[in-house]
Amino acid sequence: METEPCCEEHKDPVVEPTEPEAISESADRDSRTKLPCGSVEEGEELCGKEPAETERCAEESKSTEIKSPSDPEQESGGTECKEQKKLKKTNSWKVVRFQDPSQDDDVLERDSSAESLFPEYALKEWTTSTFEELFVAEDWQDITEDRLLRKKVLESSAPNALSPTWGQEVSVKMQCVLEDRTVVEKDCKLLFVIGEGDVNQALEECVIAMQQGEITLLLADSQYAYGLLGREPDIPAWAPLLYQLQLLDIREKPDLLTLPIADRIRIGNQKRERGNFHFQREEYCLAARAYCMALDMLTTRCKDGINGSVKAEEEEVQEYRVKCLNNLAAAQLKLEQYDEALHTSRDVLTLEPNNVKALYRTGKLLSDMGEYKEAMEVLKKALKLEPATKAIHVELSKLVRRQSGGNDTQEWKAKPAEMLGDNVAPFVVLSKKKPSGISWKFILGALVVALASLVTSLILTARN
């Protein structure tokens with residue numbers, strides 16, 4: 001989903017990728033010194049939360065989409081977008097409410113961020129009606145059989161207008177409010193591909209039921225929007241949403257082979273961020289799907305004879321592929337797809353042999369599968385790269401115990417790196433602790449005392 005440079009920024013849930021890797025350069029540098037956790041046993045973690053590439057940006061991004069280059073046609077268009085671009089200086093539109101223009105003529109100065117993108121449709125349904133009334137209104141159409149997704153056509157399309165299908169790219173003008181009419185989304189040109197999960201289910205289901213040029217109201221229950229978790233900080237849990245939409249354009253999805261590398265990087269990163277959003281919400285299937293689509297986009301098609309700039313772009317593609325693969329492996333571990341996670345981690349090591357996160361995951365998975373020799377080699381390499389990482393030491397200790405048949409009298413110890421230099425190989429130290437148990441001398445003494453007591457009692461009984 002791409003957003004053309006436009007009048008209002010679109011608040012999308014993917015803005016806070018706190019779990020998987022973020023795109024920021026500072027986060028990228030930090031990720032080289034942190035390790036992924038995967039499903040680390042006994043609560044040991046390499047970097048806190050899973051997946052490893054969890055970097056929280058210093059400033060949360062205000063939009064999920066990566067802005068595309070300026071459209072010459074937009075620049076030559078009217079002044080509407082130019083004026084509204086100034087609104088990016090304030091986020092007040094996120095907390096304002098729409099007002100009926102006919103009711104505030106006396107107001108000298110208004111916050112223009114409260115302006116609707118559809119000022120000619122300041123209807124009662126959009127401004128004052130409760131959602132409970134709209135869910136039972138007879139002049140609304142049901143998009144789904146459960147009556148939890150409904151629409152009302154405000155302006156019909158032209159005769160024989162086209163309708164989009166799954167897999168096509170659409171352009172939509174949209175705005176969205178909560179029941180108290182707090183604005184939570186607003187975009188004058190939102191681009192997304194139907195069926196790829198770029199937006200929530202409500203938007204996909206409604207757009208595919210529209211025709212080009214149509215303007216409609218969409219009422220969506222929380223099950224088709226953001227459900228139990230909501231979307232921090234603006235959409236609470238179980239919140240239904242009211243949209244106003246116009247389907248602007250329909251076109252085929254761009255062919256991957258024809259897209260420049262820069263465009264593939266931009267779209268691939270957007271899909272990766274969408275995967276991060278789902279991972280945070282513990283929607284691991286959707287996260288894995290988004291990462292796979294990002295990997296499909298983050299490919300190169302260049303042959304021999306490439307110039308320096310193209311080579312640099314290819315290296316950038318490879319860097320983002322590594323991030324995507326690491327995040328995908330983390331999602332697969334959460335889904336208990338261990339074979340797939342091992343394959344994905346090995347793909348990372350093919351691109352970046354010294355990636356500590358992938359080395360740790362690979363070693364741990366091999367250890368769990370009983371491949372102790374290979375697991376030891378991989379974990380040794382990870383330890384050499386990150387000798388201070390506790391999680392690697394913990395995993396090596398478990399591996400040593402497994403190799404010794406579960407005998408806890410053997411312990412993993414790593415020699416201090418400052419004493420050994422590069423030689424940080426593990427070694428086994430036999431414990432000098434004596435086996436616990438009751439002394440035989442104590443047992444013998446107890447038996448003697450017992451026998452003496454018995455003899456004494458017999459003598460006394462005989463005398464009596």
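Quick caveat, the model's predicted, so the values are computed rather than measured.
At least one donor-acceptor pair closer than 3.5 Å links the side chain of Arg150 to the backbone N or O of Leu134. The backbone N or O of Leu295 sits nowhere less than 3.5 Å from a side-chain atom of Thr299 that would complete a donor-acceptor pair. Side-chain N or O atoms of Gln244 include none that pairs as donor or acceptor with a backbone N or O of Gln175 at under 3.5 Å. Using modelled atom types, one side-chain atom of Glu179 and one backbone atom of Phe131 make a donor-acceptor pair closer than 3.5 Å. Remark: the backbone N or O of Lys152 is paired with a side-chain donor or acceptor of Thr216 at under 3.5 angstrom. Between the side chain of His393 and the backbone N or O of Pro387, at least one donor-acceptor pair lies under 3.5 Å. The backbone N or O of Leu203 lies less than 3.5 Å from a partner atom in the side chain of Asn200, making a donor-acceptor pair. The closest donor-acceptor contact from the side chain of Arg264 to the backbone of Leu259 lies under 3.5 Å. A distance-only check finds a donor-acceptor pair linking the side chain of Arg281 to the backbone of Tyr226 [under 3.5 Å]. In this structure, Arg361 contributes its side chain and Leu342 its backbone to no donor-acceptor pair below 3.5 Å.
The two residues Gln211 and Ala161 come nearest to each other via the heavy atoms NE2-O, 3.4 Å. In this structure, Ala202 and Ala220 approach most closely via the heavy-atom pair CB-CB, 3.6 Å. Pairing each heavy atom of Glu205 with each of Ile143, the nearest pair is O-CG2, 3.9 Å. Listed here is the closest heavy atom pair of Ala288 and Leu335: CB-CD1, 4.4 Å. Scanning both residues, Pro353 and Lys381, for their nearest heavy atoms gives O-NZ, 3.4 Å. Of all the heavy atoms in Leu117 and Lys173, the pair that sits closest is O-NZ, 3.6 Å.
Side-chain contact, Gln332 with Thr344: a donor N or O sits under 3.5 Å from an acceptor N or O. Between Glu386 and Tyr360, the side chains place no donor N or O within less than 3.5 Å of an acceptor N or O (distance only, hydrogens not considered).
The shortest side-chain heavy-atom distance between Arg266 and Asp263 falls under the 4.5 Å cut-off. When side chains are defined from C-beta on, Met376 does not count as touching Tyr372, because their heavy atoms never get closer than 4.5 Å. Looking at heavy atoms from C-beta onward, Ser171 lies in side-chain contact with Lys189 at the 4.5 angstrom threshold. Between Tyr243 and Lys151 there is no side-chain heavy-atom pair separated by less than 4.5 Å. Put simply, the side chain of Met210 does not reach to within 4.5 Å of the side chain of Val172, judged on heavy atoms. By the 4.5 Å heavy-atom criterion applied to side chains, Ile215 and Tyr121 are counted as neighbours. Within the 4.5 Å cutoff, no side-chain heavy atoms of Lys398 are placed close to those of Ser367. Contact check for Glu214 versus Leu245: no side-chain heavy atoms found under the 4.5 Å cut-off.
Interatomic distance, Leu325 CG to Tyr291 OH, rounded to the nearest 0.5 Å: 11.5 Å.
Of the options Ile250, Thr165, Ile208, a side-chain contact (heavy atoms from CB on, under 4.5 Å) to Ile194 is made by Ile208 and by none of the others. Paired with Lys253 under the rule side chain to side chain donor-acceptor pair (under 3.5 Å), one option of Glu196, Glu169, Gln168 passes, and it is Glu196.
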- Message: Arg251 vs Leu191, test: side-chain contact (heavy atoms from CB on, under 4.5 Å). Steps then yes/no.
- Response: CA-CA 11 Å; Arg251 64 184 181 184; Leu191 296 177; 4.1 Å; yes
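Residues that satisfy the ring pair (Phe, Tyr, Trp, His ring centres under 6.0 Å) test with Tyr284, not counting sequence neighbours, are Phe279.
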